[in-house]
2 protein chains.
Amino acid sequence: MKGYKMGNGQSRIQKKNKDFIMKAALDIFSKYGFRGSKLDQIAKQSGLSKPNLLYYFPSKEAIHRELLSGLLENWLDPLRSLNSEGDPFEEVMGYVRRKLYLSKTLPKESRLFANEILQGAPIIKDVLKGELKYLVDEKTKIIQKWSDEGLILPIHPYHLIFSIWSLTQHYADFDTQIRAVLTNEKPFENASVYLETLFSRLLKPS
Amino acid sequence: MKGYKMGNGQSRIQKKNKDFIMKAALDIFSKYGFRGSKLDQIAKQSGLSKPNLLYYFPSKEAIHRELLSGLLENWLDPLRSLNSEGDPFEEVMGYVRRKLYLSKTLPKESRLFANEILQGAPIIKDVLKGELKYLVDEKTKIIQKWSDEGLILPIHPYHLIFSIWSLTQHYADFDTQIRAVLTNEKPFENASVYLETLFSRLLKPS
DNA sequence: TTTTTATTTTACCAACTGGTCAAAGTAACG
DNA sequence: CGTTACTTTGACCAGTTGGTAAAATAAAAA
């Protein structure tokens with residue numbers, strides 16, 4: 001007999017409600033940051049009562065932590081798959097595309113991350129100094145090699161990474177500003193074309 | 001007799017304390033956003049008592065508003081001085097330099113702005129859709145003309161502006177992340193060189 | 001010096017906040 | 001059906017929050 005629990009030990013209703021909560025929490029936290037977000041608001045938006053929220057999660061902080069840690073895997077992955085064996089420009093451009101895709105499909109997650117960084121990364125500082133730094137150190141070496149071998153134009157590899165982060169995330173994080181200026185256009189469509197051009201001119205040997 | 005009032009109708013002590021408050025408020029608001037910032041915290045950091053704060057400003061919101069409106073002039077100015085009569089590349093690059101200089105010298109202001117945008121720009125949305133949009137519309141026309149005439153490489157002028165915003169502000173807004181990765185380097189020094197290269201390759205006809 | 005004006009503090013509020021608890025309600029199983 | 005395990009609610013609480021009022025203090029003017 002399976003009982004009413006699912007494989008991971010959660011009932012159907014538990015999974016559904018936890019999902020509601022996480023979705024509402026993402027909405028709120030990504031806008032107002034941790035301290036600016038109120039449990040009442042998250043409760044209301046998720047359609048549950050506040051004590052009911054706290055039946056599923058032990059605290060406000062726990063919800064926030066779970067959101068952030070769920071994010072981090074998604075966030076590091078696109079860089080991980082930059083492959084030293086592939087075509088240099090295509091590898092970098094692939095990273096750009098994956099990153100832009102994330103900003104397009106998960107803009108709230110991007111803003112949640114931005115909020116965390118703006119506050120000085122109190123929760124994920126370890127990951128930044130550890131996993132992220134390690135990953136960036138590794139991948140910049142590859143880029144440096146490509147650059148040295150003339151497979152791409154000479155470039156500061158760390159700042160290349162930063163510019164990829166900045167250019168892609170900007171479309172999610174500053175969405176409000178972009179839409180205030182661009183009233184007709186679809187930002188992400190043209191961003192895709194624009195970034196293709198930008199990185200092509202920046203990296204492709206002529 | 002001058003009396004103890006200064007030219008602008010504020011006493012010396014009033015000016016000094018308002019300055020303390022604004023400085024402390026900038027510290028706090030730029031980190032935690034409006035809702036995440038507490039008056040007690042601002043009071044403590046400025047060395048005044050909370051009721052004393054509210055003697056100088058009518059409310060928390062008033063402090064925040066004054067900070068933001070003080071910012072906006074600074075923020076729009078660098079784009080204003082992009083001159084259609086000058087050398088195209090140098091004009092754009094001048095804008096990049098001024099913007100990067102702002103991020104370097106006023107990183108907290110940059111983060112305050114970022115926080116406001118992340119929250120959907122509740123306070124400055126009008127300015128974004130009005131003054132900013134007007135200014136961008138105007139300047140992109142100039143860039144488009146340069147592009148059409150072959151004075152710079154063909155480019156999407158709006159996204160060029162966005163990329164300038166994103167690349168320069170990133171060094172202020174994501175400072176924490178950058179310093180977690182770059183432990184030895186001075187980010188802004190190299191950013192300056194890097195952006196020179198980037199925009200040179202992006203815009204200069206070969 | 002006295003009077004007037006400006007500044008600061010103390011004590012206080014009502015509303016809100018994150019969180020608890022026990023009781024009531026609802027599913028699922030035997 | 002009854003029993004058991006899970007879920008939801010309402011009442012509540014202690015600490016915090018933005019803000020007020022009046023008294024006390026300090027500075028300037030007369």
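Labels below follow one simple rule: chain letters A, B, ... track the order of the sequence lines, proteins then strands, and each chain is numbered from 1.
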Which side-chain N or O atoms in residues 44-52 of chain A pair as donor and acceptor under 3.5 Å with protein atoms at least two apart or in another chain?
| unit_1 | atom_1 | unit_2 | atom_2 | d |
| --- | --- | --- | --- | --- |
| S46(A) | OG | I42(A) | O | 3.0 |
| S46(A) | OG | A43(A) | O | 3.0 |
| S49(A) | OG | N52(A) | N | 3.3 |

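- Of all nucleotides listed (dG19(D), dT20(C), dT7(D)), dG19(D) comes nearest to the side chain of S59(B).
- Two residues are said to be in side-chain contact when any heavy atoms from C-beta on lie closer than 4.5 Å; D173(B) and I117(A) fail this criterion.
- In this structure, Y101(A) and L106(A) have side chains that are not in contact, with every pair of non-hydrogen atoms separated by 4.5 Å or more.
- By the side chain to side chain donor-acceptor pair (under 3.5 Å) test, Q177(B) pairs with no residue at all, sequence neighbours left out.
- The stretch residues 38-62 of chain A participates, sequence neighbours left out, in no ring-ring contact (aromatic ring centres under 6.0 Å, His included) pair at all.
- For residues 16-33 of chain B, proximity to DNA chain D is found at no residue, defined as any non-hydrogen atom under 4.0 angstrom from a strand atom.
- Summarising the geometry of N74(A) relative to L102(A), their closest heavy-atom pair is O-CD1, 3.4 Å, with the distance given to 0.1 Å.
- dT17(C) atom P lies 8 Å from atom CD of Q41(A), rounded to whole Å.
- Remark: H156(B) engages H159(B) in a ring-ring contact (aromatic ring centres under 6.0 Å, His included) (not counting sequence neighbours).
- Residue Q14(B) places at least one side-chain N or O closer than 4.0 Å to OP1 or OP2 of dT7(C).
- For the pair L54(B) CG and dT10(C) C1', the interatomic distance rounds to 15 Å; values are reported in whole Å.
- Applying the salt bridge (Lys or Arg N to Asp or Glu O under 4.0 Å) definition to pairs two or more places apart or across chains, those involving residues 176-196 of chain B are R97(B)-E196(B), K104(B)-E189(B), D175(B)-R179(B).
- H64(A) places its NE2 atom 13 Å from the P atom of dG18(C), with the value rounded to the nearest Å.
- In this structure, F29(A) and F34(A) have parallel ring planes: the angle between them is below the 30° cut-off, well short of the 60° mark.
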So which protein nitrogen or oxygen atoms get under 3.5 Å of nucleotides 22-27 of chain D's nitrogens or oxygens?
none

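- Listed by chain and residue number, nothing satisfies the side chain to side chain donor-acceptor pair (under 3.5 Å) test with T168(B) (two or more places apart in sequence, or in another chain).
- Partners of W146(B) under the ring-ring contact (aromatic ring centres under 6.0 Å, His included) rule, at least two apart in sequence or in another chain, do not exist in this structure.
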Polar atom pairs between nucleotides 23-25 of chain C and protein, under 3.5 Å, N or O only, would you list them?
none

Per-nt protein contacts along nucleotides 9-17 of chain D (heavy atom under 4.0 Å; B base, S backbone sugar-phosphate only, - none) come out as BB------S

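- No engagement by F57(B) is indicated, since no non-hydrogen atom pair under 4.0 Å with the nucleic acid exists.
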Stepwise salt bridge (Lys or Arg N to Asp or Glu O under 4.0 Å) check, E73(B) with R80(B): CA-CA 10 Å; E73(B) 298 174 32; R80(B) 280 211 188 87; over 6 Å; no

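- Partners of F199(B) according to the ring-ring contact (aromatic ring centres under 6.0 Å, His included) rule, which considers only residues two or more places apart in sequence or in another chain, do not exist here.
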